[in-house]
Structure formats: structure tokens, C-alpha cells
Trainee: 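Below is the structure I would like to discuss, written out as C-alpha cells.
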Amino acid sequence: MRKVVPSVLTRDPKELEEKVRILEPLVEVIQIDIMDNVLVPNTSINVKDVEKAAPQKPMEIHLMVNHPVEYVEPYACIGAFRIIFHIESADDPAEVIKEIKSFNMKAGIAINPPTPVEKLDPYLDMVDLVLVMGVNPGFQGQKFIPDVLDKVRYIKKSHPDMTVEVDGGVNPETGPSLVEAGVDILNVGSYLFKQMPVEDNWETMQKIARGE
Ligand code: DX5
């Protein structure tokens, strides 16, 4: 069953709180973007801000950071159910996956547009999810890079049961091609908060996820 997951990217604890409160009644999962201004050229709220906002829906943490292994325990302690880290980060991916699973969380691995999809090969039997980035991470509202859909097809060919999420530039224009490529989770950021009300934008994306 294809899903839509909202992502919240902000450095403002107030905005985090506001968006979490708006999304909570609509969604099943909330993705929160964490950035260290090293792996990506931007910073974000931190674990204390997320703890304070206390989303009342399952939290997926997208670590756009250079040493993800250091972030695993703090987010496990505030109740994250899934941690996604970048294969491009400095730590050993197998080590990070082991650390995430040691806290009984689901492990996701993310891959940026320039990174060859074959780099994932050694880890596809270890992770629960692959996050295929549709943009170079760090900011919302960027243009989707269609080439990344070949990565979705590559992963699905070798691992048909792998959950594949696409993140970055997902909206009503790009959504149908993601569905056609076999994506399981459409991650939507800025589109949801464009021209309020959020509920209408959310329903639009749900329809696309249902293939309507
Ligand atoms: C990109 C982030 C995405 C972002 C998506 O740097 O990792 O999660 O929030 O935002 P949109 O949907 O606006 O591209």
C-alpha cells in the first residue's frame, strides 16, 4: 500500500511545533530533517527541539549529518521509530545500521542524486528502507531530478520487497512518475504548505499515492 509521508525541514523550533501540530491529525508518520551544515550546507532544529515539540505520531528522522552514529541514541531516546542516514556520510554504513537496530528502530539508508546506486549493494540486505533523494539535500522547494527514478527501478529489481521512499521535489507534477517507477513512499515537504489549506494538498497527494 503506497504511502505519503510529510517532511519538516526547519531551523526554527516554533515552526517545527506549528507544522507538527498541523500535520498530526492528517498523517501516519512525520519525517523530521536534521542537518549539521557539514554533510549538507544547512542547519536545523536539534533533538531537544524535537523532544519539546513531541510529535504525537511515529517519527522518522532523516539524518543529513556527517557522523550519524552519534545521533542514533539521542533520537532513540525520544521515541523515533526509524532513522535514515546518508551513505555519503563519513561513518561506516554497516556500523550505523547495527547501531540503529541495537535500539530496535528501523534502519533506512539515503542516497543523493550524484551517488551511483551500486554503492547501496552491500547494505540492501541490512536495511528496512532506501531513501532515494530527488534533489541535492539541504533545502525545500527544489526541482526534482528525474534520473533518480532509475535508482528506484534498480533497487526494486534486485530487492522487490524493499521499501523505497523518494524525497525532494515530490508534488502533483512529479508524483505520478514516482508511482509508475514503483515508489512505496512519497515524501512531501514544501508542496504541503503551499497555498493553504494543508488538508487539500495532503488529499491531492494521497490520491496520487492511490494511483487515482
Ligand atoms: C531535502 C530534504 C527533504 C525536503 C523535501 O533537503 O531532505 O526532506 O524536506 O522538501 P520538498 O518536498 O520541498 O523538496
Side-chain angles (χ1 to χ4, degrees), residues 2-13 15-20 22-23 26-46 49-50 53 55 57-66 68 71 75 80 82-89 108-115 129-149 151-152 163-179 181 183-196 198 200-206 208-209:
R2 215 171 289 115
K3 300 229 183 272
V4 185
V5 167
S7 65
V8 179
L9 184 153
T10 181
R11 63 178 70 183
D12 175 357
E15 183 186 8
L16 171 69
E17 183 110 32
E18 279 160 13
K19 288 195 168 177
V20 163
I22 292 168
L23 290 168
L26 298 173
V27 305
E28 289 172 34
V29 168
I30 298 182
Q31 182 190 90
I32 299 184
D33 288 328
I34 302 299
M35 302 179 282
D36 66 357
N37 205 27
V38 176
L39 190 73
V40 298
N42 201 356
T43 53
S44 70
I45 39 87
N46 61 34
D49 301 320
V50 179
K57 283 286 169 70
M59 267 188 295
E60 166 180 275
I61 304 296
H62 178 193
L63 294 176
M64 291 171 268
V65 300
N66 224 7
Y71 293 70
Y75 283 98
R82 184 156 61 207
I83 303 269
I84 302 172
F85 71 100
H86 273 258
I87 192 163
E88 296 88 2
S89 67
I109 191 165
I111 184 166
N112 288 336
T115 307
L129 175 142
V130 176
L131 185 72
V132 174
M133 295 306 297
V135 299
N136 288 300
F139 301 92
Q140 293 203 329
Q142 299 182 83
K143 201 162 162 17
F144 181 71
I145 303 168
D147 293 1
V148 306
L149 293 178
K151 293 184 177 178
V152 177
T163 301
V164 177
E165 179 170 358
V166 170
D167 181 3
V170 179
N171 55 44
E173 284 70 51
T174 58
S177 57
L178 273 61
V179 168
V183 171
D184 302 291
I185 300 177
L186 308 181
N187 180 298
V188 194
S190 55
Y191 169 70
L192 286 183
F193 291 92
K194 267 201 178 101
Q195 296 95 26
M196 295 296 217
V198 176
D200 296 359
N201 299 338
W202 176 253
E203 189 42 40
T204 301
M205 291 311 301
Q206 290 280 43
I208 290 169

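Numbering of residues begins at 1 and proceeds along the displayed sequence. When a ligand or atom number is given, it counts from 1 through the structure's own listing order. Keep in mind the model is a prediction, meaning the values are calculated, not measured.
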Trainee: Would you say D184's side chain and R2's backbone share a donor-acceptor pair under 3.5 angstrom?
Mentor: no

Trainee: Please identify which atoms of ligand 1 are closer than 4.0 Å to at least one heavy atom of F139.
Mentor: 1 (C), 6 (O)

Trainee: Enumerate the atoms of ligand 1 whose separation from the nearest heavy atom of G141 is less than 4.0 angstrom.
Mentor: 11 (P), 13 (O), 14 (O)

Trainee: Can you sort out which atoms of ligand 1 are near P137, meaning under 4.0 Å from one of its heavy atoms?
Mentor: 6 (O)

Trainee: Please check: side-chain N/O of N187 versus main-chain N/O of D167, any donor-acceptor pairing under 3.5 Å?
Mentor: no

Trainee: Judging by distance only, is a nitrogen or oxygen of G189 under 3.5 angstrom from one on ligand 1?
Mentor: yes

Trainee: If the condition is side chain to side chain donor-acceptor pair (under 3.5 Å), which residues does E17 pass it with, not counting sequence neighbours?
Mentor: R21

Trainee: Evaluate N136 for polar contact with ligand 1, using N/O atom pairs at a separation under 3.5 Å.
Mentor: no

Trainee: Quick one: list whatever passes salt bridge (charged side-chain N to carboxylate O under 4.0 Å, His left out) with K3, sequence neighbours left out.
Mentor: E28

Trainee: Would V135 count as being in polar contact with ligand 1, using the rule that some N or O on each side must be under 3.5 angstrom apart?
Mentor: no

Trainee: Would you tell me which option among I84, D167, T10 has the nearest heavy-atom contact to atom 8 (O) of ligand 1?
Mentor: D167

Trainee: Go through ligand 1 atom by atom and flag the ones less than 4.0 Å from a non-hydrogen atom of G138.
Mentor: 1 (C), 6 (O)

Trainee: Starting from atom 13 (O) of ligand 1, which protein heavy atom do you reach first, and at what distance in Å?
Mentor: S190 OG, 2.4 Å

Trainee: Side chain, backbone, both or neither: which part of Y191 has a heavy atom under 4.0 Å from ligand 1?
Mentor: neither

Trainee: Under 4.0 Å from a heavy atom of G168: which atoms of ligand 1 are those, numbered in the order shown and with their elements?
Mentor: 14 (O)

Trainee: Please check if the side chain of T204 supplies one atom and the backbone of D200 the other of a donor-acceptor pair under 3.5 Å.
Mentor: yes

Trainee: Does M64 reach ligand 1 with a nitrogen or oxygen that is under 3.5 Å from one of the ligand's nitrogen or oxygen atoms?
Mentor: no

Trainee: Any nitrogen or oxygen of G169 lying under 3.5 Å from a nitrogen or oxygen in ligand 1? Just yes or no.
Mentor: yes

Trainee: Pick, from H62, M35, Q31, H86, the option with the minimum heavy-atom distance to atom 7 (O) of ligand 1.
Mentor: H62

Trainee: Checking a contact table here: which protein heavy atom is nearest atom 2 (C) of ligand 1, and how many Å away?
Mentor: D33 OD2, 3.5 Å

Trainee: To which protein heavy atom is atom 9 (O) of ligand 1 closest, and what is the distance rounded to 0.1 Å?
Mentor: Q140 NE2, 2.7 Å

